[in-house]
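In what follows, a structure is listed as structure tokens, so that the remarks can point back to it.
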Amino acid sequence: MTQTATSEVFYQSLPQQPDFVGLASPENYTPLPNDWLICCSDIVDSTGLIAAGKYKTVNMIGASVIAAMQNALDGAGFPYVFGGDGTSFAVPSKQADLARITLARLRHWVQQEFGITLRVAAVPLTEIRAQGLDVAVARFAVSANADYAMFAGGGISWAEAQMKQGRIAIADCAEETPPDLTGLSCRWNTIPARNGLILSLVIQSDPATNPARFTALCARILALADGLDRRGHPVPLEGPGIAPLPDGLDIEIRLTRGTAPLFWKRAYTWASAGFASWLFRHNRTMGQFDTAHYMQVMGANSDYRKFDDGLKMTLDCTPEIRDRIATILQEAEAKGEVRFGLHEQDAARLTCIVPSASRDDHVHFVDGAAGGYTRAASEMAKMPT
């Protein structure tokens, strides 16, 4: 197999790892091939939008990057990580131009539909490695039907910082056709905390910290989460509720309508959402579609914890466990080992990508319903470095 071909199938050939705790260790990651492109996105002034009550819009636009790329790649797997108000991902050199064009088109579409500025950026992996950093990846098998990419090496964080400083922005493209966002949805109700609160947690290791110490710290945090109901998983086994006309449905309509007239897209989506709500609320089946089975798969496939140059989690948490987690992190921060941010809210929310409801590979991104990862990261940014 040629080097180019090897690079193109690199991610799909990685083993799926079922042990989340083990992914705190750098040795469980594989460096990306040298010819890959690292891409990232985020929303300008996302904290201001959140303060204005538009966090569902922020989540949907953040996840739209994943939907756009999945459709552009015709469903081929690629490593990505959702961060609340943005997404980072990697593609081989053969797909680099497609990624840049897709992101440029999405940026234009978001600005046109919402008046929101979506930053999009790209940088060759070779430039990251020239900084003494790396991008290594692992595949976490969250269930038998879905896996998520985990990142290590510091390169993703560096690229995101460069993007926010305007240094690696993707240029506009002449082709302004809206990207295909088929599968992107946000129809579920917010999910109230069962244990007292929803805790959004972002932890990054100091570059000088011994990796073994960070691994041990993550193991302590995850051991505390293991003591929570369903290990702190915010999505209940029976799934979240769904209203006949879900709050925020218009966000989905505006993002996914493409070139269709808004009136027709709205009528179709309202009708399909109402019918889906009836099916789920009455636990009905239709053909091979089983609502109870879908709910079980949804919970299993949900992405409520991840490694992204550090540890990020959205936990359904008790006040006691929150306090114990905060104490551990404060002690580690005082020693200069980590930087962290915590944010509390009373509910979680889902943003979903469902290419087909008849398959079990749909994915669901969990975040806090009132700021989540974005607010936690802003708290981390306030700490002295």
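Position 1 is the first residue of the sequence; numbering continues from there.
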Hey, is the main chain of [Y] close enough, under 3.5 Å, to the side chain of [X] for a donor-acceptor pair?
| X | Y | value |
| --- | --- | --- |
| His233 | Gly299 | yes |
| Arg139 | Ala149 | no |
| Asn301 | His364 | no |
| Asp42 | Lys164 | no |
| Asp85 | Ser46 | no |
| Ser143 | Asn145 | yes |

Please give me the minimum heavy-atom distance between [X] and [Y], naming the atom from each residue.
| X | Y | result |
| --- | --- | --- |
| Ile242 | Arg281 | O-CD, 3.7 Å |
| Leu49 | Val44 | CD1-O, 4.3 Å |
| Pro192 | Asp316 | O-OD2, 4.2 Å |
| Arg349 | Gly368 | CG-O, 4.2 Å |
| Asn59 | Gly84 | ND2-O, 2.9 Å |
| Ala348 | Ile198 | N-CG1, 3.7 Å |

Below 4.5 Å, heavy atoms only, C-beta onward: do Glu238 and Met295 meet side chain to side chain?
no
#### Entry: Test of ring centre spacing under 6.0 Å for Phe78 and Trp36
no
Per side-chain hydrogen bond (donor to acceptor under 3.5 Å, both in side chains), Lys312 is matched among Asp309, Thr314, Asp308 by Asp308
TODO: Apply the test side chain to side chain contact (heavy atoms under 4.5 Å, CB included) to residues Ile50 and Thr374: give CA-CA distance (whole Å), side-chain angles for both, the deciding distance (0.1 Å), then the verdict.
DONE: CA-CA 9 Å; Ile50 292 167; Thr374 301; 3.6 Å; yes
(message) Does Met60 form a side chain to side chain contact (heavy atoms under 4.5 Å, CB included) with Leu255? I'd like the steps, not just the answer.
(response) CA-CA 8 Å; Met60 283 288 286; Leu255 267 173; 3.8 Å; yes
Practice prompt. Assess whether side chain to side chain contact (heavy atoms under 4.5 Å, CB included) is satisfied between Leu228 and Cys317, documenting all intermediate values.
Written response: CA-CA 7 Å; Leu228 296 165; Cys317 194; 4.2 Å; yes
Residues passing the side-chain hydrogen bond (donor to acceptor under 3.5 Å, both in side chains) test with Glu176, sequence neighbours excluded, are His108
Same cluster (ILVMFWY, side-chain, under 4.5 Å), [X] and [Y]:
| X | Y | answer |
| --- | --- | --- |
| Leu237 | Trp188 | no |
| Leu249 | Tyr268 | no |
| Leu133 | Val81 | yes |
| Val297 | Ile191 | no |
| Tyr148 | Leu222 | yes |

With distance as the sole criterion, is a donor-acceptor pair present between the side chains of [X] and [Y] under 3.5 Å?
| X | Y | value |
| --- | --- | --- |
| Tyr55 | Asp367 | yes |
| Asn195 | Thr318 | no |
| Glu252 | Thr269 | no |

Rounded to the nearest 0.5 Å, what separates atom [atom1] in [X] from atom [atom2] in [Y]?
| X | Y | atom1 | atom2 | value |
| --- | --- | --- | --- | --- |
| Glu379 | Leu342 | CD | CG | 8.5 Å |
| Ile325 | Gln330 | CD1 | CD | 11.5 Å |
| Ile203 | Glu333 | CD1 | CD | 12.0 Å |

Could you tell me whether Asp206 and Arg339 make a salt bridge, using a distance below 4.0 angstrom between a side-chain N and a carboxylate O? no
Margin query: Between Arg107 and Asp172, does any side-chain N to carboxylate O distance fall below 4.0 Å?
Written below: yes
Is there a side chain to side chain contact (heavy atoms under 4.5 Å, CB included) between Ile221 and Met313 once you walk through the steps? CA-CA 10 Å; Ile221 300 295; Met313 294 196 292; 3.6 Å; yes
| query | Would you call the rings of His362 and Tyr294 parallel, tilted or perpendicular if under 30° counts as parallel and over 60° as perpendicular? | reply | parallel
Residues 193-212 vs ring-ring contact (aromatic ring centres under 6.0 Å, His included), sequence neighbours excluded, gives none
